[in-house]
Asker: 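Take this structure first; my questions come after.
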Amino acid sequence: MPLRLIFMGTPDFAVPTLLELVAHGHEIAAVYARAAKPAGRGMKLQLTPVEQEARRLGIPVFTPKTLKTDEALEEFRAHGADAAVVVAYGMILPQAILDAPRLGCFNLHASLLPRWRGAAPINRAIMAGDAESGVMVMKMDIGLDTGDIAMAERVAISDRMTASDLHDELSRLGAGLMVRAMAALERGTLQLTRQKSDGVTYATKIEKAEARIDWRRPAHAVLRHIHGLSPASGAGAPGSVLDAQLTVACGEGAIRITELQRAGKAPMKAAEFLRGVPLRPPARLA
């Protein structure tokens with residue numbers, strides 16, 4: 001029999017998993033998402049991608065500000081779920097919530113745990129120069145991404161891959177991985193393995209100041225820094241412009257900027273930017 005699930009997620013990364021679970025016949029008793037926030041010029045309330053999709057599917061949506069109250073716990077229990085699936089929900093689940101579904105709560109995390117526990121694993125993997133990343137399904141415990149691992153998929157990180165590229169690939173792979181995990185859970189064959197105690201790193205939230213590039217670093221490190229933030233952040237710091245094609249000197253080697261985003265502006269091709277701002281040697285980025 002299909003499982004009766006609670007789905008907990010907020011951003012577009014989580015949407016494919018929700019859709020795949022529905023497509024494979026699981027009953028989604030409720031969707032939990034972060035509450036809508038004002039956005040845009042008119043500062044109108046904008047529903048999160050997961051809430052938008054849940055409403056389209058006719059699934060009840062809950063947006064509690066906290067899960068730590070008795071009322072929130074009783075509401076959660078009342079769904080009678082076999083398990084909860086959590087994908088980038090953005091809120092800590094207390095122990096009582098973790099214990100509520102009879103089979104537990106299962107999280108899809110966008111890294112090869114125990115490397116890059118925490119908030120920004122996709123960005124950090126690229127910025128650190130990692131050769132690979134992946135997605136893992138783990139049974140959640142009270143720690144920060146410390147639960148036992150059920151399944152994993154790996155992805156190579158090329159020097160052409162941006163955070164946006166990796167985000168989309170892991171979102172797609174993760175959806176299929178979670179469906180497989182829930183199928184195994186339904187059959188009673190899902191096997192769990194403890195996380196390794198060595199190799200733990202933390203993917204702290206990206207700070208605004210990190211958009212600034214240190215052009216004195218080697219070219220490969222600068223490239224990975226830019227790609228790790230793309231397309232969310234623009235950047236600029238001292239760096240010599242070497243030619244009319246926006247090649248910028250680094251501490252070791254150089255990189256050629258092919259696409260950029262000025263503060264408050266839309267992304268544009270370098271050639272388009274250079275038509276309005278003809279940067280040539282000995283100009284420096286600042």
Side-chain angles (χ1 to χ4, degrees), residues 5 7-21 23-24 49-50 83-90 93 104-141 143-185 189-206 220-221 223-232:
L5 301 173
F7 185 85
M8 311 179 80
T10 296
D12 56 358
F13 182 85
V15 170
T17 302
L18 173 61
L19 295 179
E20 283 296 300
L21 290 170
H24 282 76
V50 165
V85 170
V86 183
V87 186
Y89 177 44
L93 274 58
C105 299
F106 294 84
N107 177 246
L108 181 70
H109 187 73
S111 82
L112 298 176
L113 295 166
R115 185 163 178 80
W116 301 129
R117 295 173 177 171
I122 293 174
N123 308 86
R124 295 298 178 192
I126 294 177
M127 293 167 74
D130 289 6
E132 64 175 356
S133 182
V135 280
M136 285 185 161
V137 173
M138 66 176 173
K139 186 172 184 181
M140 298 176 70
D141 60 22
L144 177 62
D145 299 326
T146 56
D148 294 346
I149 302 301
M151 292 183 177
E153 286 277 5
R154 308 176 92 89
V155 174
I157 302 177
S158 73
D159 285 341
R160 291 181 176 271
M161 187 175 281
T162 66
S164 178
D165 297 331
L166 185 56
H167 168 283
D168 293 349
E169 178 70 5
L170 295 183
S171 178
R172 180 186 65 81
L173 281 178
L177 189 68
M178 184 60 79
V179 166
R180 285 161 46 200
M182 291 299 101
L185 184 67
T189 60
L190 188 66
Q191 297 184 349
L192 301 173
T193 304
R194 282 183 177 271
Q195 282 194 45
K196 297 178 182 178
S197 58
D198 58 331
V200 175
T201 59
Y202 290 93
T204 55
K205 183 179 178 181
I206 300 296
H220 185 260
L223 176 70
R224 284 300 196 99
H225 186 95
I226 293 171
H227 281 186
L229 298 176
S230 178

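In this chain, numbering begins with 1 at the start of the sequence shown. Because the structure is a prediction, the values reported are computed rather than measured.
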Asker: Spell out, as yes or no, whether a donor-acceptor pair under 3.5 Å connects the side chain of Asp148 to the backbone of Lys139.
Answerer: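 Such a contact is absent between Asp148 side chain and Lys139 backbone.
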Asker: State, to 0.1 Å, how close Gly9 and Ala14 come at their nearest heavy-atom pair, and which atoms those are.
Answerer: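 Closest approach of Gly9 to Ala14, heavy atoms only: CA-CB, 4.2 Å.
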Asker: Among all residues two or more places apart in sequence or in another chain, which pass the salt bridge (Lys or Arg N to Asp or Glu O under 4.0 Å) test with Asp130?
Answerer: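 Residues passing salt bridge (Lys or Arg N to Asp or Glu O under 4.0 Å) with Asp130: Arg115.
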Asker: Between CG of Asn107 and CG of Leu113, what distance do you get to the nearest 0.5 Å?
Answerer: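 The CG atom of Leu113 is 8.5 Å from CG of Asn107, to the nearest 0.5 Å.
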Asker: Going by ring-ring contact (aromatic ring centres under 6.0 Å, His included), name the pairs with one or both residues in residues 163-185, residues two or more places apart or in two chains.
Answerer: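 Sorted result for residues 163-185: Phe13-His167.
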Asker: Could you go through Gln195 and Met138, starting from their C-alpha distance and side-chain angles, then the distance that decides it, and tell me whether this counts as side-chain contact (heavy atoms from CB on, under 4.5 Å)?
Answerer: CA-CA 9 Å; Gln195 282 194 45; Met138 66 176 173; 4.0 Å; yes
Asker: If the condition is side chain to side chain contact (heavy atoms under 4.5 Å, CB included), which residues does Ser197 pass it with, not counting sequence neighbours?
Answerer: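 Testing Ser197 for side chain to side chain contact (heavy atoms under 4.5 Å, CB included), a comparison that skips the adjacent residues, returns none.
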Asker: Which distance, rounded to the nearest 0.5 Å, do you find between the CG of Leu177 and the CE of Met136?
Answerer: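 CE of Met136 is found 9.5 Å from CG of Leu177.
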Asker: Can you check side-chain contact (heavy atoms from CB on, under 4.5 Å) on His227 and Asp159, steps first, answer last?
Answerer: CA-CA 8 Å; His227 281 186; Asp159 285 341; 5.8 Å; no
Asker: Rounded at 0.5 Å granularity, tell me how far CG in Leu5 sits from CE in Met182.
Answerer: 6.5 Å
Asker: What's the shortest heavy-atom distance between Met8 and Tyr89, and which atoms?
Answerer: CE-CE2, 3.6 Å
Asker: Return the set of residues passing side chain to side chain donor-acceptor pair (under 3.5 Å) with Ser111 (not counting sequence neighbours), or none when no residue passes.
Answerer: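 By the side chain to side chain donor-acceptor pair (under 3.5 Å) rule, Ser111 matches His109.
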Asker: Measuring from Leu112:CG to Lys196:NZ, what's the distance to the nearest 0.5 Å?
Answerer: 10.0 Å
Asker: Can you tell me how far apart CD1 (Ile126) and CE (Met161) are? Round to the nearest 0.5 Å.
Answerer: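 One gets 7.0 Å once the value is rounded to the nearest 0.5 Å.
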Asker: At their closest point, which heavy atom of Ala110 faces which heavy atom of Val135, and how far apart are they?
Answerer: CA-CG1, 4.1 Å
Asker: Quick one: side chain to side chain donor-acceptor pair (under 3.5 Å) partners of Asp198, sequence neighbours excluded?
Answerer: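 If we apply the side chain to side chain donor-acceptor pair (under 3.5 Å) test to Asp198, skipping adjacent residues, there are no hits.
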Asker: Do any pairs count as a ring-ring contact (aromatic ring centres under 6.0 Å, His included) and have a residue in residues 117-137, sequence neighbours left out, and if so which ones?
Answerer: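 Every candidate ring-ring contact (aromatic ring centres under 6.0 Å, His included) pair involving residues 117-137 fails, so no pair, neighbours aside, qualifies.
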Asker: Can you give me the closest heavy-atom contact between Ser171 and Asp12, atom names plus distance?
Answerer: OG-O, 4.2 Å
Asker: Is Arg224 close to Met127 at the side-chain level, that is, under 4.5 Å between some pair of heavy atoms?
Answerer: no
Asker: Nearest 0.5 Å please: distance from the CD1 atom of Ile157 over to the CD atom of Glu169.
Answerer: 11.0 Å
Asker: Does Ala221 have any side chain to side chain contact (heavy atoms under 4.5 Å, CB included) partners at least two apart in sequence or in another chain, and if so, which?
Answerer: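 Partners of Ala221 by the side chain to side chain contact (heavy atoms under 4.5 Å, CB included) criterion, ordered by chain and then number, come out as Arg217, Pro218.
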Asker: Among all residues two or more places apart in sequence or in another chain, which pass the side chain to side chain contact (heavy atoms under 4.5 Å, CB included) test with Thr146?
Answerer: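 If we apply the side chain to side chain contact (heavy atoms under 4.5 Å, CB included) test to Thr146, skipping adjacent residues, the hits are Arg117, Asp141.
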Asker: Start with the C-alpha gap between Leu108 and Val86, add the side-chain angles, then the distance that decides, and say whether side-chain contact (heavy atoms from CB on, under 4.5 Å) holds.
Answerer: CA-CA 6 Å; Leu108 181 70; Val86 183; over 6 Å; no
Asker: Sub-3.5 Å donor-acceptor pair from the side chain of Thr201 to the main-chain atoms of Trp116, do we have one?
Answerer: yes
Asker: Using the side chain to side chain donor-acceptor pair (under 3.5 Å) criterion, which residues pair with Thr204? Sequence neighbours excluded.
Answerer: Arg124
Asker: Which residues pass the side chain to side chain donor-acceptor pair (under 3.5 Å) test with Asp168, not counting sequence neighbours?
Answerer: none
Asker: Under the salt bridge (Lys or Arg N to Asp or Glu O under 4.0 Å) test, which residues partner Glu153, sequence neighbours left out?
Answerer: Arg180
Asker: Evaluate the criterion side-chain contact (heavy atoms from CB on, under 4.5 Å) for residue pair Thr17 and Phe7; output intermediate values, then yes/no.
Answerer: CA-CA 9 Å; Thr17 302; Phe7 185 85; 3.9 Å; yes
Asker: Which atom pair, heavy atoms only, marks the closest approach of Ala83 to Leu185?
Answerer: CB-CD2, 4.0 Å
Asker: Give a yes or no answer on whether the side chain of Asn123 reaches the backbone of Gly228 with a donor-acceptor pair at less than 3.5 Å.
Answerer: yes
Asker: Can you list everything that forms a side chain to side chain contact (heavy atoms under 4.5 Å, CB included) with Glu20? Sequence neighbours excluded, please.
Answerer: His24, Ala175, Val179
